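These notes concern the structure reproduced below.
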Number of protein chains: 2
Amino acid sequence: YIRIRGLRKVYQMGHTKVHALDGVDLDIPRGSFTVLMGPSGSGKSTLLYLLGGLDRPTSGKIQVGEQDLNSMDENALAVYRRRTLGFIFQQFNLVSSMNTLENISFPMRFNGSSSKARHQRAARLLEQLGMEKYTRHRPTEMSGGQQQRVAIARALVNDPPVILADEPTGNLDTATGFTVMQMLSDLHKEGRTVVVVTHDPRMARFATRMIYILDGRLVSKEDYDQA
Amino acid sequence: YIRIRGLRKVYQMGHTKVHALDGVDLDIPRGSFTVLMGPSGSGKSTLLYLLGGLDRPTSGKIQVGEQDLNSMDENALAVYRRRTLGFIFQQFNLVSSMNTLENISFPMRFNGSSSKARHQRAARLLEQLGMEKYTRHRPTEMSGGQQQRVAIARALVNDPPVILADEPTGNLDTATGFTVMQMLSDLHKEGRTVVVVTHDPRMARFATRMIYILDGRLVSKEDYDQA
Ligand SMILES: Nc1ncnc2c1ncn2[C@@H]1O[C@H](COP(=O)(O)OP(=O)(O)OP(=O)(O)O)[C@@H](O)[C@H]1O
Ligand SMILES: Nc1ncnc2c1ncn2[C@@H]1O[C@H](COP(=O)(O)OP(=O)(O)OP(=O)(O)O)[C@@H](O)[C@H]1O
Ligand SMILES: [Mg+2]
Ligand SMILES: [Mg+2]
């Protein structure tokens, strides 16, 4: 379903090259729950950004279903993101001038469902995340973990077939973090394809597949454990 | 050393009042390592901000050594922060136009130590945190965990007697997170007063004292565990 071949992302920093991704080959089957783990700086967010069509690789290809991301222009990528993906950002990326309800409703502005259905869905997600009292709060009026939960609700509100989550529980206490993992797992059981970047080993129990990354390359569990 | 009495922070949101802190009494002995745990939204960052003189309480008092924070004006609070504290922010708060070295050097601009001593100190901290290759990187050119480590180095570069850390390992992998905990513990063993907000139970082993917060109030471990 998702096919990644020879993926590279190189940044030029003055005289040095930073190989954020150094030749990644990866297949992600439809309906799988993939957990990606690796040290800080190993390339996890970079991989997710490229998968999400938010950036372009230096070389290599990414195919999502029938679509070849490299051959798509900015507009086509925007449509791809809107229709296919729910992206949970490591640093939330909420709009600071909008309140919770506005931030969550933002991705719904293009889809055809009735305004009523959309608002019910938003309300249900907020309730599952314990955030129903925060509809009118703006990001600066909420704690770190509350902002993270708004970012999660926003990513899920369009019921996307593919969910890309970049460290979705980093700012959450143990119990709330577990609630989020359950939600992602339930969505997976209903047929969605989920890719979660995390440092939390508890996420592994929900995975149909674990992948490990070191210095921009995928490695075996053995190599990862010995690193 | 740090005495908190009747501390309240209330936010007015339209018609509702949010009691971020709902009457906190707390003593933090000099040279202690206090770990504060609580659910997302329970008031941890608020408590740290007030302790750090970054915000004012609605009522109640905070005394740090001889200083009564309520009676200090903005300039006095700025001096207090510069001389006494190292603050590690939950969302890093790095200056996006400055690179790593500039961000770390920023707090050193007022202290009397020689430029050479300061730069050696900055270099050593970066090395301990595995960040020595990132001196010229700006925040947007670094991963989440790398930015977090720069924020940590910045808080420690002035060798402050009091360290306030708000979820300092949330974006770090297990190994790097442990390195940071060790660093804070070593600084504590050298005599500093450390207060760490964390969701990571591994931090407890370094604590001389655990405190628990629920809905803006300090509670016993039993109440916290049953919540
Ligand atoms: N400016 C504000 N206006 C209104 N409410 C606020 C404001 N800032 C914080 N709050 C509320 O105060 C409460 C405590 O927030 P705080 O940031 O201290 O939580 P926290 O324990 O640090 O949570 P987390 O673990 O998610 O970081 C939360 O319910 C939050 O929504
Ligand atoms: N714009 C950029 N310019 C230069 N280097 C960059 C840039 N963006 C990222 N990098 C580098 O690419 C590497 C991978 O970054 P990435 O954000 O993917 O790491 P990560 O695995 O998500 O880390 P973390 O767990 O800390 O979030 C890092 O070494 C980072 O410094
Ligand atoms: Mg990352
Ligand atoms: Mg907080």
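Atom set for the values below is all heavy atoms of this structure, side chains included, hydrogens, waters and symmetry mates excluded. Numbered from 1 within each chain, the chains take letters A, B, ... in sequence-line order. All of these numbers come straight from a predicted model, not from anything done at the bench.
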> What closest approach, in Å, do A/Asp173 and B/Gly38 show between heavy atoms, and which atom pair accounts for it?
Replying inline: CB-O, 4.0 Å
>> Counting only heavy atoms not in A/Lys61 (residues, nucleotides, ligands), do more than 12 fall under 6.0 Å from its NZ?
In response: yes
> A/Glu141 versus chain B, heavy atoms under 4.5 Å apart: side chain, backbone, both or neither?
Replying inline: side chain
> Given that the side chain runs from C-beta out, which part of B/Gln147 has a heavy atom under 4.5 Å from chain A: side chain, backbone, both or neither?
Replying inline: side chain
> Among B/Gly43, B/Gly130, B/Pro39, which has the most heavy-atom pairs under 4.5 Å with chain A?
Replying inline: B/Pro39
>> Is it the case that atom CG in B/Asp215 sees more than 12 heavy atoms from other parts of the structure closer than 6.0 Å?
In response: no
> Heavy-atom count around B/Arg138 CZ within 6.0 Å, excluding the residue itself: above 12?
Replying inline: no
>> Can you confirm whether B/Arg209 is buried at CZ, in the sense that more than 12 heavy atoms of other residues, nucleotides or ligands lie under 6.0 Å from that atom?
In response: yes
>> Looking at chain B, which one of A/Glu167, A/His199, A/Gln148, A/Arg136 has the largest number of heavy-atom pairs inside 4.5 Å, strictly under?
In response: A/His199
>> Heavy-atom count check: over 12 atoms from other residues, nucleotides or ligands less than 6.0 Å from B/Arg217 CZ?
In response: no
>> Which atoms of B/Gln91 are under 4.5 Å from chain A, going by heavy atoms: the side chain, the backbone, both sets, or neither?
In response: side chain
>> Looking only at heavy atoms and a cut-off of under 4.5 Å, which of B/Leu172, B/Thr176, B/Thr46 has the most pairs with chain A?
In response: B/Leu172
>> Among A/Met142, A/Arg149, A/Met37, A/Lys44, which residue has the highest count of heavy-atom pairs closer than 4.5 Å to chain B?
In response: A/Arg149
> Would a 4.5 Å heavy-atom cut-off, applied to side chains only, mark A/His137 and B/Val18 as touching?
Replying inline: yes
> What are the two closest heavy atoms between A/Ser143 and B/Gly41, and how far apart are they?
Replying inline: OG-N, 3.6 Å
>> Atom CZ of residue position A/Arg124 - does it have more than 12 heavy atoms of other residues, nucleotides or ligands inside 6.0 Å?
In response: no
> In terms of heavy-atom proximity below 4.5 Å to chain B, should A/Tyr134 be classed as side chain, backbone, both, or neither?
Replying inline: neither
>> Under a 4.5 Å cutoff for heavy-atom pairs, which residue among B/Ala20, B/Pro201, B/Ser40 has the most contacts with chain A?
In response: B/Ser40
>> With a 4.5 angstrom heavy-atom cut-off, is it the side chain or the backbone of A/Gln146 that approaches chain B, or both, or neither?
In response: both
> Top residue by heavy-atom pair count (under 4.5 Å) with chain B, among A/Gly177, A/Gly170, A/Gly14?
Replying inline: A/Gly170
> How far does CD of B/Gln90 sit from CG of A/Asn171, to the nearest 0.5 angstrom?
Replying inline: 4.5 Å
